[in-house]
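Here's the structure we're looking at; comments come further down.
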Amino acid sequence: MIDDFENYTSDDQIKSAYELWSSDGNGADWSLSQEHTNDGDNSMQIVPNEPLDSWVSVSHNSSLHDWTNSAGISFWIHNDADEPLEFNFDIKSESKAFGQEGTFTASLKEDGSSLWEEKSFESMLTVPADFTGHIRIAWNQFTEKAWQCPQGCDNDLDLTLVDGFEFGYNPQENSTNEIFIDSISLWGVSEDTELGTLAPEWATPSNTFNLNYTAAPIDNPLKGFLPFSESAEWRIDNQMPYSMEYFYIPLNEIMTNFNEFDWSKLESNIDDVASRGNQAIFRVYLDYPNRSSGIPEFLLDLGLETKDYSYNSNGGPEGTSVSPDYDDENLNTALHQFIEALGDRYDGDPRIGFIQAGLVGFWGEWHTYPQDGSTPAGDWDGELAEQEDGRATDWMPNLANQAAIVQEFDDSFDETKILARYPSEFNRDLNIGYHDDSFAFQTLPASLGGEDWHFVGRLQDNQVMDKWKVEPIGGEMRPEIQIDMWDNDPPQYIGEPIEGAQGEDYYKSLELTHASWLKIQEVFQTSLEGEALERAREGSRSLGYEYFVPTGYVHAANGRLQAAIEIQNTGVAPFYYDWKVEIAARDKNGNIKEWATDWDVSNVLPDDEETEDNKGALLEWSTDTSELSEGSYDMLVRVVNPLSEINSNAKKFHFANEEQEDNGWLKIGEIEL
């Protein structure tokens with residue numbers, strides 16, 4: 001600890017220890033404060049004076065110190081404003097100032113979180129609005145400040161001759177910010193420090209374990225390609241590993257009257273999927289072309305009007321569906337009751353991966369094309385089922401009813417993730433993701449050779465291109481392209497045109513959507529060989545998250561056991577559920593002692609190559625050693641699939657590490673007690 005401000009008893013004492021410099025002489029007030037502190041009773045508060053200067057700094061000068069046995073500097077800060085704070089922390093050595101110049105990285109951890117996040121900055125730290133927590137900067141991020149050497153700087157920070165440090169910022173640009181500083185300390189102290197910027201403060205080379213990357217399994221939970229559950233008996237064994245299965249179910253197999261439900265068929269389907277160790281994705285429909293109608297009989301008895309149509313081969317051997325009047329009051333009452341009941345029963349159910357917000361439109365896909373209110377009769381290849389003034393009538397619900405249905409899904413589900421077919425103005429602010437049901441065929445926007453109405457074009461128009469960071473993206477690959485596209489590198493369908501169009505680049509579609517899963521039935525029932533099979537498997541593996549642990553840290557001393565992992569997301573999307581993360585100590589006989597942590601890997605986003613954000617995070621944990629006897633232990637980490645509490649064959653969550661074991665545990669280091 002360099003300064004925790006506990007040794008000062010008055011403002012006079014802190015003013016004698018810290019000096020102020022200001023650009024215009026108005027300065028700032030720096031004083032002891034008990035309003036916002038870290039571990040003790042005191043912190044240092046900095047408040048600018050009026051009129052505001054363009055720069056103020058508060059510096060601490062001291063006798064020479066040798067800080068070569070440390071990895072960097074750490075301090076606690078509270079930004080008492082609803083605006084970000086641009087801020088500098090400089091080290092003084094040999095009468096020169098060394099700080100951040102150009103692009104640099106620092107690690108931040110909010111109070112109450114076990115997660116350190118490494119972020120990239122330009123010239124100055126950006127402390128988030130209302131941030132309270134720790135910031136760490138490694139010594140290799142300090143360079144000589146350019147204002148000292150107009151002709152160019154060539155001096156390196158000499159940690160053997162440190163004689164002070166200072167905080168600085170621009171009050172004019174940060175006029176509402178009051179700053180509280182505490183717990184200024186060195187971190188990574190050791191005799192021979194070679195630690196990354198995310199190492200815990202207690203880390204040393206001897207308790208740091210470098211781990212190795214290998215691609216995670218294709219069938220990691222809640223990601224990748226998936227088949228229809230009804231195809232279980234005729235899939236090709238072992239061609240495409242998977243962890244989820246999909247099914248449709250008509251509403252009339254669940255809902256028998258207002259607020260009356262028979263869940264047996266849905267339960268049977270979900271249990272069937274779970275019996276194979278997989279999670280289910282499903283969609284409930286009212287109208288599925290070429291299948292019998294899913295409309296509950298009691299609504300028809302109450303006079304619900306329906307419309308016949310022959311589109312999409314409707315009326316084939318499996319039965320004729322009909323499109324209901326979606327604005328019917330009884331129907332809307334029933335839909336809201338069903339969604340609420342579905343949430344009451346299944347929200348957070350570990351057997352379910354995701355639920356699609358179906359119910360509306362052909363296939364429950366939220367469209368009734370060509371009955372969309374705009375298609376001219378002459379533009380449709382065939383006779384429109386219903387038209388007025390030369391244009392198709394619109395069979396979709398009015399916008400108010402559409403908005404109310406998706407709002408009901410959002411209100412009824414707090415844990416299980418819901419996906420809507422189309423981004424829109426009435427769902428963009430809801431806790432709902434999206435599914436692209438024509439992936440790599442109608443995905444790319446006009447700027448990349450597609451159309452504005454394609455999936456990414458809709459994401460752009462509704463300003464939800466970044467929604468994947470908190471809500472999932474899934475979908476289905478266009479059925480006609482599901483096999484032939486893997487003959488090409490990069491994968492793309494370039495066969496006989498479909499509706500006058502070719503396919504799109506699979507990886508460009510993935511890059512823009514950050515999709516986690518895709519229905520792609522054909523790769524489970526059609527033989528693939530050689531390079532085509534490897535491309536398809538890699539295409540599945542590339543979806544969603546992939547978490548790599550490059551470094552583990554474990555330490556046992558003075559009755560305390562500490563562990564930490566540096567974690568990186570090498571995939572394209574986060575993991576969307578807060579599954580339990582456990583730490584364990586395993587003795588030489590294989591006996592395991594487990595502890596629960598408060599870690600949440602869903603907060604770890606993929607690296608952003610453009611901004612260099614999200615390059616990694618640090619998760620820390622500690623307990624006492626009273627439950628362990630003397631001896632050697634392997635330290636282990638795992639993410640627990642909650643389905644394992646129901647079925648022991650549930651797919652294990654695997655990190656992308658060579659040290660990952662088939663039983664779900666990742667070895668992160670060793671200790672001796």
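Note that the structure is predicted; figures quoted are calculated from it, not measured.
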Would you mind listing every salt bridge (Lys or Arg N to Asp or Glu O under 4.0 Å) that reaches into residues 261-280, with sequence neighbours excluded?
->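 Matches after skipping sequence neighbours: Glu245-Arg276, Glu267-Arg345, Glu267-Arg351, Asp271-Arg351, Asp272-Arg276.
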Can you pull the salt bridge (Lys or Arg N to Asp or Glu O under 4.0 Å) pairs that have at least one residue in residues 404-413, sequence neighbours excluded?
->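 Sorted result for residues 404-413: empty, none.
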So, do [X] and [Y] sit near enough that their side-chain heavy atoms are less than 4.5 Å apart?
X: Trp579; Y: Pro642; answer: yes
X: Glu645; Y: Pro350; answer: no
X: Leu510; Y: Leu543; answer: yes
X: Lys508; Y: Glu511; answer: yes
X: Leu619; Y: Val581; answer: no
X: Tyr288; Y: Pro250; answer: no
X: Glu546; Y: Tyr213; answer: yes
X: Asn569; Y: Leu605; answer: no

Considering all heavy atoms, the nearest [X]-[Y] contact:
X: Val273; Y: Ser229; answer: CG2-CB, 3.7 Å
X: Asp327; Y: Pro397; answer: OD1-CA, 3.4 Å
X: Thr416; Y: Gly348; answer: OG1-N, 2.8 Å
X: Asn398; Y: Asn401; answer: OD1-N, 2.8 Å
X: Ser293; Y: Val322; answer: OG-CG2, 4.1 Å
X: Pro423; Y: Arg421; answer: CD-O, 4.1 Å

Would you call the rings of Phe261 and Trp263 parallel, tilted or perpendicular, where under 30° means parallel and over 60° means perpendicular?
->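 It falls in the parallel class, under 30°.
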Let me see the working for Phe441 and Tyr493 under ring pair (Phe, Tyr, Trp, His ring centres under 6.0 Å), right down to the final yes or no.
-> CA-CA 8 Å; Phe441 188 77; Tyr493 175 80; 7.3 Å; no
Should the pair Glu538-Arg535 be classified as a salt bridge under the 4.0 Å nitrogen-to-oxygen rule?
->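 No, Glu538 and Arg535 are not salt-bridged.
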Got a sec, which residues hit salt bridge (Lys or Arg N to Asp or Glu O under 4.0 Å) with Glu480, two or more places apart in sequence or on another chain?
->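 Partners of Glu480 under the salt bridge (Lys or Arg N to Asp or Glu O under 4.0 Å) test: Arg478.
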Residue list, salt bridge (Lys or Arg N to Asp or Glu O under 4.0 Å) with Lys652, at least two apart or on another chain |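 Expected list: none.
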Applying side chain to side chain donor-acceptor pair (under 3.5 Å), can you list everything that pairs with [X], at least two apart in sequence or on another chain?
X: Asp325; answer: none
X: Thr513; answer: none
X: Tyr311; answer: Gln371
X: Thr306; answer: none

Between the side chains of [X] and [Y], does any donor sit under 3.5 Å from an acceptor?
X: Tyr434; Y: Asn427; answer: yes
X: Asn278; Y: Lys651; answer: yes
X: Asn603; Y: Glu117; answer: no
X: Ser321; Y: Asp287; answer: yes
X: Ser231; Y: Gln525; answer: no
X: Ser644; Y: Asn641; answer: no

Mind running salt bridge (charged side-chain N to carboxylate O under 4.0 Å, His left out) on Arg283 and Asp437 for me, showing each step along the way?
-> CA-CA 13 Å; Arg283 184 194 305 173; Asp437 281 359; 2.9 Å; yes
[atom1]/[X]: more than 12 non-hydrogen atoms of other groups inside 6.0 Å:
X: Glu305; atom1: CD; result: no
X: Asp344; atom1: CG; result: yes
X: Glu425; atom1: CD; result: no
X: Glu329; atom1: CD; result: no

For [X], which residues count as a side-chain contact (heavy atoms from CB on, under 4.5 Å) partner, sequence neighbours excluded?
X: Glu230; answer: Phe228, Arg291
X: Ala536; answer: Met240, Trp486, Leu528
X: Asn649; answer: Asn647

Check Ile473, Leu222, Leu226 against Trp517 for a side-chain contact (heavy atoms from CB on, under 4.5 Å) and give me the one that passes.
->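 It is Leu226; the other options fail the test.
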Exercise answer: donor-acceptor pairs, residues 448-456 side-chain atoms, under 3.5 Å, sequence neighbours excluded:
residue, atom, partner, partner atom, Å
His454, ND1, Leu444, O, 2.9
His454, ND1, Glu451, N, 3.3
His454, ND1, Glu504, OE2, 3.4

Lys519 to Tyr246, cation-pi by 6.0 Å centre distance and 45° axis angle |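 The answer is yes; both the distance and angle limits are met.
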From [atom1] ([X]) to [atom2] ([Y]), nearest 0.5 Å:
X: Ser516; Y: Trp468; atom1: OG; atom2: CH2; result: 9.5 Å
X: Met396; Y: Asp372; atom1: CE; atom2: CG; result: 10.0 Å
X: Leu512; Y: Asp436; atom1: CG; atom2: CG; result: 11.0 Å
X: Gln660; Y: Phe655; atom1: CD; atom2: CZ; result: 7.0 Å
X: Asn314; Y: Thr320; atom1: CG; atom2: OG1; result: 5.5 Å
X: Ile270; Y: Asp349; atom1: CD1; atom2: CG; result: 6.0 Å

Begin from the C-alpha positions of Glu386 and Thr393 and carry the test side chain to side chain donor-acceptor pair (under 3.5 Å) through to its verdict.
-> CA-CA 6 Å; Glu386 186 178 74; Thr393 55; 2.6 Å; yes
Report yes or no: does His514 contribute a side-chain atom to a donor-acceptor pair with the main-chain N or O of Val572 at less than 3.5 Å?
->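 Yes.
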Partner of Phe362 by ring pair (Phe, Tyr, Trp, His ring centres under 6.0 Å), out of Tyr309, Tyr285, Tyr326, Tyr369 |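 For Phe362, the ring pair (Phe, Tyr, Trp, His ring centres under 6.0 Å) test succeeds with only one of Tyr309, Tyr285, Tyr326, Tyr369, which is Tyr309.
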Mind checking whether Phe575 and Tyr547 have ring centres under 6.0 Å apart?
->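 No; Tyr547 has its ring centre 6.0 Å or more from that of Phe575.
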